[in-house]
Amino acid sequence: MLEIIHAAGWPIWLLIATSVIGLALIIERFLSLRASKIFPSRLPGQVLELLRQKNDNPEAVIRLAGNSPLGRILAEVLINRHESRHYRLAAVEDAGKDVAHRLNRHLPALGTVAVVAPLMGLFGTVVGMIEIFASYTPAGGDPAQLARGISIALYNTGFGIIIAIPALILHRYFRSRVDHFLHMMEREASSLNRLISREAE
């Protein structure tokens, strides 16, 4: 591995740093976007039970809001249960925007890694081409410098593509996962809101 890094020249260190950042972002998003953490399956039933037992006191609602992003949305419905339907929907939408912002955290950075890595690989290719042209002199070419220039160009191009492909795939995956969670939260919030509206009639 050290031989490959040496053959790829100094531009490879930029790609290594980018790959470390990308890997850290991917691990963080995998841990943060677990279904059990974002959308606990038993939570909607527990909220309905709180509502039936008239046990939606401030302490219970605060615990619900801190439980998960879904809990934050459902707690907003309960907090505003005595307000008008229009006011309640506006409050839930505001809470939903805040939750969406938190769920999408670090995804732009991962998208940036996917875009920047091939450009860094291209930069390494340019450095390698400079080495190749520098190997030619009126007296003839230096085979060692020519081989080094080719190594720098090819290794950096390859590493840039290797980093970009999984970063792009996982960026799209995480975006679709967030969209799915937000859709499910909206559905649960709408169901709870309709139930509260029926009880108020």
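Because the structure is a prediction, the values reported are computed rather than measured.
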Report yes or no: do [X] and [Y] belong to one cluster of Ile/Leu/Val/Met/Phe/Trp/Tyr joined by side chain heavy-atom distances under 4.5 Å?
X: I16; Y: L23; answer: no
X: M120; Y: W13; answer: yes
X: L33; Y: Y173; answer: yes
X: L168; Y: L110; answer: no
X: W10; Y: V116; answer: yes

How many angstroms lie between atom [atom1] of [X] and atom [atom2] of [Y], to the nearest 0.5 angstrom?
X: N80; Y: D94; atom1: CG; atom2: CG; result: 10.0 Å
X: S151; Y: I12; atom1: OG; atom2: CD1; result: 11.5 Å
X: R29; Y: H171; atom1: CZ; atom2: NE2; result: 11.0 Å

For the pair L89 and H86, evaluate side-chain contact (heavy atoms from CB on, under 4.5 Å) and give the outcome as yes or no after the intermediate values.
CA-CA 5 Å; L89 286 174; H86 177 74; 5.9 Å; no
Remaining members of the apolar cluster that contains I62, side-chain heavy atoms under 4.5 Å
none
For the student: nearest non-hydrogen atoms of [X] and [Y], plus distance:
X: P69; Y: V99; result: CB-CG1, 3.7 Å
X: I163; Y: A117; result: CG2-CB, 3.7 Å
X: A100; Y: L182; result: CB-CD1, 3.7 Å
X: V115; Y: P118; result: O-CD, 3.3 Å
X: H106; Y: E28; result: CD2-OE1, 3.2 Å
X: N156; Y: I152; result: ND2-O, 2.7 Å

Are the charged groups of E76 and R72 less than 4.0 angstrom apart, N to O?
yes
Thinking salt bridges, do D179 and R175 make one under a 4.0 Å N-O criterion?
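A salt bridge is absent here (no side-chain N lies under 4.0 Å from a carboxylate O).
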Is any side-chain heavy atom of [X] closer than 4.5 Å to a side-chain heavy atom of [Y]?
X: F181; Y: L70; result: no
X: S190; Y: R194; result: yes
X: E188; Y: I73; result: no
X: I38; Y: S68; result: no
X: M185; Y: L103; result: yes
X: N67; Y: R63; result: no

Pair L170-L25, side-chain contact (heavy atoms from CB on, under 4.5 Å): steps then yes or no:
CA-CA 10 Å; L170 289 170; L25 292 171; over 6 Å; no
As a quick check of understanding, evaluate side-chain contact (heavy atoms from CB on, under 4.5 Å) for I196 and V77, giving each step before the final call.
CA-CA 9 Å; I196 290 173; V77 179; 3.5 Å; yes
Please confirm whether the backbone N or O of I169 pairs with a side-chain atom of R172, one donor and one acceptor, at under 3.5 Å?
no
Geometric class of the F30/F174 ring pair [parallel <30°, tilted 30-60°, perpendicular >60°]:
perpendicular
Within the supplied structure, the quantity of interest is the number of heavy atoms (other residues, nucleotides, ligands) at a distance under 6.0 Å from E83 CD; does it exceed 12?
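Counting other residues, nucleotides and ligands, CD of E83 exceeds 12 neighbours.
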Report the C-alpha separation of R105 and H101 in whole Å, then their side-chain angles, then the decisive distance to 0.1 Å, and conclude whether the side-chain contact (heavy atoms from CB on, under 4.5 Å) test is met.
CA-CA 6 Å; R105 184 178 54 182; H101 175 73; over 6 Å; no
Would you list the atom pairs, donor with acceptor, under 3.5 Å between side chains in residues 121-128 and any protein atom, with sequence neighbours excluded?
| from | atom 1 | to | atom 2 | distance (Å) |
| --- | --- | --- | --- | --- |
| T125 | OG1 | G121 | O | 2.9 |
| T125 | OG1 | A153 | O | 3.4 |
| T125 | OG1 | T157 | OG1 | 2.3 |

